[in-house]
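Here the structure comes first, spelled out in structure tokens, and everything after it is commentary.
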Amino acid sequence: MNDWLARASRAQLAMIMGLCCGIGGAVGLAVIAGEGWAGALPGAIGAGLGGALIGGTLLHAQLRRRAEALGPLPAADRRAAERASVRGPVPEDPGTRAAARALARTALAEQRRRRVLGLVSALFILASQVFLAVQASPWWWVGVAATTGLVVYGSFLLPRRLERRVELLGPPSGGPDGGQAG
């Protein structure tokens, strides 16, 4: 996680997310939807306010929980723990290993916390894309396929992957000799 993001206040996250979403909404409406730049202003305002709300609330809380899970680690150890929490070999350093396990457990808790809301919103988006594919343009079937893949990954594959990673990053079983009886 970026050091600036870990220390950012609610207002800073709201401002950055609001700007990014507002600019993205304006460009999307102006270029893709063909509304022109005059029609893009209401979309930019709506997307900016939505992004600011999400950045100041959900993103801020999620980043705080991640920072608490990591604890006070040096930058190099923090990066190693973040990497080890999702992939790669298990760290040899017990502190880095514990931080990586805490991060993986936090990610699993985050995924479980918003499971129903995420699935309902994803299914709503999927239904909207199917409607647009049938009514407007067959190109929307690309979005249907991508959204279906994301729903399957987020609902079924990601939780199992995180559970396996938490188990893998757990304390070594047995003693210093790897659990072998002498």
### Task
Determine whether Val134 and Leu126 fall in the same hydrophobic cluster, where Ile, Leu, Val, Met, Phe, Trp and Tyr are linked whenever their side-chain heavy atoms lie under 4.5 Å apart.
yes
#### Entry: Those residues that, when tested against Leu150, pass side chain to side chain contact (heavy atoms under 4.5 Å, CB included) (two or more places apart)
none
### Message
How long is the straight-line distance from CZ of Arg87 back to CD of Glu82, given to the nearest 0.5 Å?
### Response
10.5 Å
### Query
Apart from Val120 itself, what residues make up its hydrophobic cluster when side-chain heavy atoms of I, L, V, M, F, W and Y under 4.5 Å apart count as a link, directly or indirectly?
Val116
#### Entry: For Leu132, side chain to side chain contact (heavy atoms under 4.5 Å, CB included) partners two or more places apart
Ala136, Trp140
### Message
Restricting to non-hydrogen atoms, name the atom on Arg101 and the atom on Val166 that form the minimum distance, rounded to 0.1 Å.
### Response
NE-O, 3.1 Å
Side-chain atoms of residues 154-163: list all donor-acceptor pairs with protein atoms under 3.5 Å, sequence neighbours left out, distances to 0.1 Å.
residue: Ser155; atom: OG; partner: Val151; partner atom: O; Å: 3.0
residue: Arg160; atom: NH1; partner: Phe156; partner atom: O; Å: 2.7
residue: Arg161; atom: NH1; partner: Tyr153; partner atom: OH; Å: 3.2
residue: Arg161; atom: NH2; partner: Val86; partner atom: O; Å: 3.1
residue: Glu163; atom: OE2; partner: Arg112; partner atom: NH2; Å: 2.6

### Message
If hydrophobic clusters are built from ILVMFWY residues whose side chains come within less than 4.5 Å, do Met17 and Leu63 share one?
### Response
yes
### Message
So which atom in Leu103 and which in Ser85 form the shortest heavy-atom distance, rounded to 0.1 Å?
### Response
CB-CB, 3.7 Å
### Task
For Thr96, check side-chain hydrogen bond (donor to acceptor under 3.5 Å, both in side chains) against everything at least two apart and list the hits.
Asp93
### Query
From Leu123 CG over to Ser128 OG, what is the distance, rounded to the nearest 0.5 angstrom?
10.5 Å
### Task
Only pairs at least two apart or in different chains count here, so list each side-chain hydrogen bond (donor to acceptor under 3.5 Å, both in side chains) that has a residue in residues 130-139.
none
### Message
Count I, L, V, M, F, W, Y as connected when their side-chain heavy atoms are under 4.5 Å apart, and connections chain through other members. Are Leu19 and Ile45 then in the same cluster?
### Response
no
## Note on the structure
Tracing side-chain contacts under 4.5 Å among Ile, Leu, Val, Met, Phe, Trp and Tyr outward from Leu168 reaches Val90, Leu169
Tell me which donor-acceptor pairs under 3.5 Å the side chains of residues 50-61 have, and how far apart each pair is, sequence neighbours excluded?
residue: Thr57; atom: OG1; partner: Leu53; partner atom: O; Å: 2.5
residue: His60; atom: NE2; partner: Arg64; partner atom: NE; Å: 3.4

### Approximate separation, where rounding is to 0.5 Å, of Leu108 CG and Arg113 CZ
10.5 Å
### Task
Kindly state each residue pair satisfying side-chain hydrogen bond (donor to acceptor under 3.5 Å, both in side chains) with at least one member in residues 143-152, sequence neighbours excluded.
Gln129-Thr147
## Note on the structure
Residues at least two apart in sequence or cross-chain that pass side chain to side chain contact (heavy atoms under 4.5 Å, CB included) with Ala26, listed by chain then number, are Ala40, Ala44
### Task
Could I get the full list of side chain to side chain contact (heavy atoms under 4.5 Å, CB included) partners for Ala84, not counting sequence neighbours?
Pro91, Ala100, Arg165
### Query
Going only through I, L, V, M, F, W and Y residues with side-chain contacts under 4.5 Å, is there a path from Leu49 to Val27?
no
### Query
Mind checking what makes side-chain hydrogen bond (donor to acceptor under 3.5 Å, both in side chains) contact with Arg65, not counting sequence neighbours?
Glu110
